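Quick notes on the structure that follows.
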Amino acid sequence: MNVLELSEQEIVRRQSLQELRDMGIEPYPAAEFPTNAFSEDIKNDFKDEDEKREVVIAGRMMSRRVMGKASFVELQDSKGRIQVYITRDDICPEEDKTLYNTVFKRLLDIGDFIGVKGFVFRTQTGEISVHAQSLTLLSKSLKPLPIVKYKDGVAYDKFEDPELRFRQRYVDLIVNDGVKDTFLQRATVVRTIRRVLDEAGYTEVETPTLQAIAGGASARPFITHFNALNVDMYMRIATELYLKRLIVGGFEGVYEIGKNFRNEGMDRNHNPEFTCMELYVQYKDYNWMMSFTEKLLETVCIAVNGSTERKVGDNVISFKAPYRRLPILDAIKEKTGFDCNGKSEEEIRAFCLEKGLEVDEIFGKGKLIDELFGEFCEGTFIQPTFITDYPVEMSPLTKMHRSKPGLTERFELMVNGKELANAYSELNDPLDQEERFKEQMRLADKGDDEAMIIDQDFLRALQYGMPPTSGIGIGIDRLVMLMTGQTTIQEVLFFPQMKPEKKIPQSSIKEWGEIGVSEEWAYVLRKAGFNLISDIRDEKAQGLQQKIGDINKKYKLGYEKPSVNDIQAWIDVAANVAVVTEEAE
């Protein structure tokens, strides 16, 4: 990277880096720096009457107040922040005061990692601090942190632009309070789910991410190519069909917490790569699964929040069992007045069109009902609600309802207006399952790109016999949103999918060379604000010479300044290039 592509602060930090090395100080030492304490633990355990406690801590320097021979530093470690008191004579007990006067005061920067050995004490203002007796540089930071500054109660330089926060999560975690806590709570959610399932006697397993058939859900897959086999493969959209194979193989209960991939849209509630927990238990049905799910979510909420309630936006959601259970057709009737029960596909399509929904001939009966529910019902269920008994057209992997013809034993759990979980009494009749798959293929032939493909190996597995089984899938990301009070999925993903980063259009160094500008002066022109060749076409040669000369002098580059005639030649060619480009457009 050319030095002129850096900001002024970055240039100064690199100069400090080199100066440290010239002094014999390694800015990135390899040796272990053993610590024995963390910031929060030190503050929580401190008692004024205790004997002096020696500690060794390490972390990132987040602020510094130099007051002559003494200074205060705020050190941030993995658990929080603590103040460190540093004096010149303590860390430089000999005559040589370079470590304090030069290294600490001038060559260290906010964001650098340092190690401190010292003792704990309380300052005159009452703040528990560490009195440093030695100081070690552990890692030099070459980019400045966006540290928030306050003046007259107004905050400046906040790092709050979502585009930057999600793209540079590492900076977000450093400077924004509460972000790390959200992800620690996420870890608690996953840890608690594992504990509950393990204690129930179920086995955590792993199934393929690359699959020959994208099955187990209705979704558009990502496609990749397997070079060794010379075949196209799919990133999995669900773990369902492989987990059911394990039930066929004799496991009592299996679960997997893993990534699924769906080549669909991105918004506040959807990310194409997401985490899902799927659980399958033999000899159970969807009624049992509803009860189990209630207890699981109540346990998770208590583990994360200390109670069964959580505020999300303007809503206070209670995860205390039991939850309301409402058949989907009753929900549609409740919200629209239209009873889908017994209606034909044409009648339901006509009602959808009457209500202004965009539906067409490729939509089957199940898809139409799904559209009605999504438009008029889903967003209204704030408290946890089991929506049950879906039409068979919407549920190709679900057992037919034992007492309601045309419906299936399926539920979706709605919370805060969104689906959180999907569960079935699993279809284990191989002949019925084959017919359901064939119906899905007919929908695909009509143009439904989310219809399932027939999985012949899964059908073969069912023919060996699968016991009565209930299964559920819970979206971990959405669950974490609910348990942490976040309203966008990006807040609970360390690295959410983002659009390509926008870059300032620039003429390449090669293109600058084609009009006679050498590489070093091309970088100088960019530093002066001329990113495109066309940007210099209206410049005066002497004025442009002055601008690039000032940069040459400021950064002590020592380049031989081009003549006014040379610069005029650049401008003339740039003007001609611009004219040709405009005519072509």
Side-chain angles (χ1 to χ4, degrees), residues 1-19 106-107 109-111 140-149 151 154-168 171 175 498-585:
M1 175 180 285
N2 188 284
V3 68
L4 294 179
E5 295 181 283
L6 304 172
S7 69
E8 291 191 30
Q9 285 196 55
E10 289 174 300
I11 292 171
V12 170
R13 286 179 180 232
R14 292 190 183 213
Q15 291 171 344
S16 297
L17 176 77
Q18 187 57 51
E19 192 170 340
R106 187 167 62 81
L107 300 181
D109 293 288
I110 303 303
K140 182 80 182 139
S141 172
L142 298 183
K143 282 187 174 291
L145 289 171
I147 302 297
V148 180
K149 302 178 183 66
K151 184 177 181 180
V154 179
Y156 296 91
D157 298 330
K158 281 187 175 182
F159 192 70
E160 57 185 3
D161 181 353
E163 173 80 11
L164 289 176
R165 287 184 55 235
F166 302 150
R167 197 179 297 282
Q168 299 179 35
V171 178
V175 304
M498 304 288 290
K499 294 179 181 178
E501 192 169 358
K502 292 181 180 179
K503 295 184 178 180
I504 298 173
Q506 287 185 331
S507 296
S508 68
I509 300 302
K510 180 181 178 181
E511 288 171 329
W512 281 108
E514 290 171 353
I515 72 165
V517 181
S518 64
E519 179 176 335
E520 59 264 26
W521 286 109
Y523 283 113
V524 174
L525 283 165
R526 283 183 179 176
K527 193 69 174 179
F530 302 104
N531 290 301
L532 299 173
I533 290 172
S534 58
D535 292 342
I536 69 171
R537 64 179 177 177
D538 297 323
E539 292 292 310
K540 302 297 183 184
Q542 287 184 329
L544 185 55
Q545 185 190 51
Q546 180 66 44
K547 290 177 182 177
I548 62 177
D550 290 344
I551 291 174
N552 189 25
K553 181 179 179 181
K554 177 179 180 179
Y555 292 101
K556 302 176 183 178
L557 301 175
Y559 298 160
E560 185 178 347
K561 187 161 60 175
S563 68
V564 172
N565 289 337
D566 289 337
I567 294 175
Q568 186 61 56
W570 301 348
I571 294 171
D572 291 342
V573 178
N576 291 332
V577 170
V579 169
V580 172
T581 302
E582 290 170 358
E583 289 176 350
E585 293 176 348

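Bear in mind the structure is a predicted one, so any value in this text is a computation, not a measurement.
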(message) Side chains of Glu10 and Leu142, heavy atoms from C-beta outward: is any pair under 4.5 Å?
(response) no
(request) Please check if atom CD in Glu511 has more than 12 non-hydrogen atoms from other residues, nucleotides or ligands closer than 6.0 Å. (result) yes
(request) Would you please say whether a donor-acceptor pair under 3.5 Å links the side chains of Ser16 and Glu19? (result) no
(message) Using side-chain heavy atoms (C-beta onward) and a distance below 4.5 Å, is Tyr523 in contact with Val3?
(response) no
(message) Measuring from atom OG of Ser534 to atom CZ of Arg537, what distance do you get when rounded to the nearest 0.5 angstrom?
(response) 6.0 Å
(message) Give me the atom names and distance for the closest heavy-atom approach of Val524 to Ile551.
(response) O-CD1, 3.7 Å
(message) Taking the side chain as everything from C-beta on, heavy atoms only, tell me whether Lys547 gets closer than 4.5 Å to Asp550.
(response) no
(message) Salt bridge or not between Glu160 and Arg165? Use side-chain N to carboxylate O under 4.0 Å.
(response) no
(request) Kindly compute the distance separating NZ (Lys561) from CD1 (Ile567), expressed to the nearest 0.5 Å. (result) 8.0 Å
(request) To the nearest 0.5 Å, tell me how far Ser7 OG sits from Arg13 CZ. (result) 8.5 Å
(message) Show the nearest heavy-atom pair for residues Asn531 and Asp535, with the distance to one decimal.
(response) N-OD2, 3.1 Å
(message) For Ile548, is there any backbone N or O sitting under 3.5 Å from a side-chain donor or acceptor partner on Lys553?
(response) no
(request) Quick one: pull up CZ in Arg14 and CD in Gln9 and give me the separation to the nearest 0.5 Å. (result) 13.5 Å
(request) State the NZ-CD distance between Lys556 and Gln15, to the nearest 0.5 angstrom. (result) 7.5 Å
(request) Heavy atoms only: give me the nearest Asn2-Leu4 pair and the separation to one decimal. (result) OD1-N, 2.9 Å
(message) For a salt bridge (charged side-chain N to carboxylate O under 4.0 Å, His left out) check, start with the C-alpha distance between Glu163 and Lys502, then their side-chain angles and the critical distance, and finish with the verdict.
(response) CA-CA 11 Å; Glu163 173 80 11; Lys502 292 181 180 179; over 6 Å; no
(request) Would you check if Ile110 and Pro144 make a side-chain contact, meaning some heavy-atom pair closer than 4.5 Å? (result) no
(request) Examine distances only and state if a side-chain atom of Asn552 and a backbone atom of Tyr559 form a donor-acceptor pair shorter than 3.5 Å. (result) yes
(message) Testing the basics here: between Glu539 and Ile571, what is the closest heavy-atom pair and its distance to 0.1 Å?
(response) O-CD1, 3.3 Å
(request) Could you tell me whether Glu8 and Lys554 have a side-chain N and a carboxylate O separated by less than 4.0 Å? (result) yes
(request) Output yes when a side-chain donor or acceptor of Gln545 lies under 3.5 Å from a complementary backbone atom of Pro562, and no otherwise. (result) yes
(message) Side chains of Leu532 and Trp512, heavy atoms from C-beta outward: is any pair under 4.5 Å?
(response) no
(message) Rounded at 0.5 Å granularity, tell me how far CG in Leu164 sits from CZ in Phe159.
(response) 5.0 Å
(message) Tell me the closest heavy-atom pair linking Gly111 and Leu145, and the distance in Å.
(response) CA-CD1, 3.8 Å
(request) For the residue pair Leu525 and Leu544, establish whether any side-chain heavy-atom pair is separated by less than 4.5 Å. (result) yes
(message) Checking the side chain of Arg526 only, and the main-chain atoms of Gln506 only, is there a donor and an acceptor separated by less than 3.5 Å?
(response) no
